[in-house]
Amino acid sequence: MTLRFETRASDSAWVDSVWTCTSERVTEMTSVATACWGLVFHEREGVAYASVTGPESTTGTAPVPEGAAFVGIEFAVGTSLRAVPTAELVGGGLELPDTTHRTFRLDGLRWETPGPDDAEALVERLVRAGAVVRDPLVAEVRRGALPDVSGRTVERRFRAATGFTQGAVRQIERVRTASMLLAAGTPVADVVAEFDYFDEPHLARALRRYVGRTAGQLREGAGGAIALKLDQPATS
């Protein structure tokens, strides 16, 4: 059983990454905590689907339609749908209505379904139409700037825009990157030192909470299908 991900970074300030996925005889996968919301498009048995996925604060198990092919857009932290604030999507999502093989409906308008190579073109259209928005203060903070407002205001705006505290976003991003290094064979002690975990048990707790894997499982590609691009495909 295999769940094969291909992920690429984006040069758009509005997009974190674009991914594709195919499943072969997989019925469920381990979902991984993420600070991003996304748009996901897939086809199965000749029927097209489109959905909005919300950020996830912890790991879990999610069903996988057998034989489906997916295209996904992960939006940058701090962006939102005009119609549905990101904070309301945490731990959930929604199916988009009236989806066809060529178009989907979002924010009251119909849009052309993207492939992996024209995801940014769709996002540009969504931004121009005002369907996707962002808090400029959060964008500044993410770039490392120090806005001329109180720390309490920054934290309030950050939580309103993302559904998370800044600390929670840092934890999620840190453990996802650590997981990729572990899967590539980086020694646990080196990952602990590089990402400032207190010790190996501290890293193990973070992996269990946010990724649902041990360091050994990541290194061996064990534990079943997982919604994370690793060096090797996740297998059972």
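Residue indices begin at 1 and follow the sequence shown. Everything numeric in this text was worked out from a predicted model, so none of it was measured.
- With contacts defined as side-chain heavy-atom distances shorter than 4.5 Å, the pair Leu207/Arg213 does not qualify.
- Cluster membership for Leu81 and Leu96, using ILVMFWY side-chain heavy atoms within less than 4.5 angstrom, is shared.
- One hydrophobic cluster holds both Val132 and Val52 under the rule that ILVMFWY side chains link at heavy-atom gaps under 4.5 Å.
- By the 4.5 Å heavy-atom criterion applied to side chains, Glu194 and Leu181 are counted as neighbours.
- In terms of modelled atom types and a separation under 3.5 Å, the side chain of Thr34 and the main chain of Glu56 share no donor-acceptor contact.
- Using a 4.5 Å heavy-atom threshold, the side chains of Thr59 and Val211 count as separate.
- In plain terms, the two heavy atoms of Pro65 and His42 that are nearest each other are CG-NE2, 4.0 Å.
- Shortest non-hydrogen contact noted between Leu122 and Trp111 is CD1-CB, 4.0 Å.
- Residue Gln217 holds its CD atom at 9.0 Å from CD1 of Ile226, rounded to the nearest 0.5 Å.
- When all heavy atoms are compared, the tightest approach of Leu182 to Leu218 is CD1-CD1, 4.0 Å.
- In this model, a donor atom of one side chain and an acceptor atom of the other lie less than 3.5 Å apart for Trp37 and Thr79.
- The closest side-chain heavy-atom distance from His202 to Arg205 is below 4.5 Å.
- Under the 3.5 Å distance criterion, the side-chain polar atoms of Glu155 are matched with a main-chain donor or acceptor of Gln166.
- Figure legend: cation-pi geometry between Arg134 and Phe75 absent, as NZ or CZ is not positioned both under 6.0 Å from the six-membered ring centre and within 45° of its axis.
- Taking CG from Asp135 and CZ from Arg157, the interatomic distance works out to 4.0 Å, rounded to the nearest 0.5 Å.
- In plain terms, the two heavy atoms of Arg105 and Pro97 that are nearest each other are CB-O, 3.6 Å.
- Two residues are said to be in side-chain contact when any heavy atoms from C-beta on lie closer than 4.5 Å; Thr153 and Arg156 meet this criterion.
- The shortest non-hydrogen separation linking Ala50 to Glu95 is O-OE1, 3.4 Å.
- Side chain of Thr99 to main chain of Ala48: no donor-acceptor pair is present (N/O by atom type, distance under 3.5 Å, no hydrogens or angles).
- Remark: Arg174 CZ is packed, more than 12 non-hydrogen atoms of other residues, nucleotides or ligands lying under 6.0 Å away.
- Salt-bridge formation is detected for the pair Arg142/Glu173: a Lys NZ or Arg NE/NH1/NH2 atom is positioned less than 4.0 Å from an Asp or Glu carboxylate oxygen.
- Of all heavy-atom pairs spanning Arg44 and Tyr49, the tightest one is NH2-OH, 3.9 Å.
- Grouping the Ile, Leu, Val, Met, Phe, Trp and Tyr side chains by contacts below 4.5 angstrom, directly or via other members, places Phe70 apart from Val15.
- In this structure, Arg82 contributes its side chain and Val133 its backbone to no donor-acceptor pair below 3.5 Å.
- In terms of hydrophobic clustering, with Ile, Leu, Val, Met, Phe, Trp and Tyr side chains grouped at heavy-atom distances under 4.5 Å, Val141 and Val138 are assigned to different clusters.
- The side-chain heavy atoms of Leu126 and Leu39, taken from C-beta on, include a pair separated by under 4.5 Å.
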Working note: Val77 + Cys36, criterion side chain to side chain contact (heavy atoms under 4.5 Å, CB included); need CA distance, chi angles, decisive distance, verdict.
CA-CA 6 Å; Val77 173; Cys36 300; 4.3 Å; yes
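- Taken to the nearest 0.5 Å, the CD atom of Glu74 stands 5.5 Å off from the OG1 atom of Thr53.
- Taken together through direct or relayed side-chain contacts under 4.5 Å among Ile, Leu, Val, Met, Phe, Trp and Tyr, Val18 and Leu228 form parts of separate hydrophobic clusters.
- Here OG1 of Thr20 is found 9.5 Å from CG of Asp117. Values are rounded to the nearest 0.5 Å.
- Within a 6.0 Å sphere centred on CD of Glu140, other residues, nucleotides and ligands contribute more than 12 heavy atoms.
- Under a 3.5 Å cut-off, the side chain of Ser17 and the backbone N or O of Arg8 do not form any donor-acceptor pair.
- Separation of atoms CG (Asp118) and CZ (Arg125) is listed at 7.5 Å; rounding is to 0.5 Å.
- By the 4.5 Å heavy-atom criterion applied to side chains, Trp19 and Val40 are counted as neighbours.
- In this structure, Asp16 and Ser10 have side chains that are not in contact, with every pair of non-hydrogen atoms separated by 4.5 Å or more.
- Within the model, atoms CZ of Arg219 and OG1 of Thr186 stand 10.5 Å from one another, a figure rounded to the nearest 0.5 Å.
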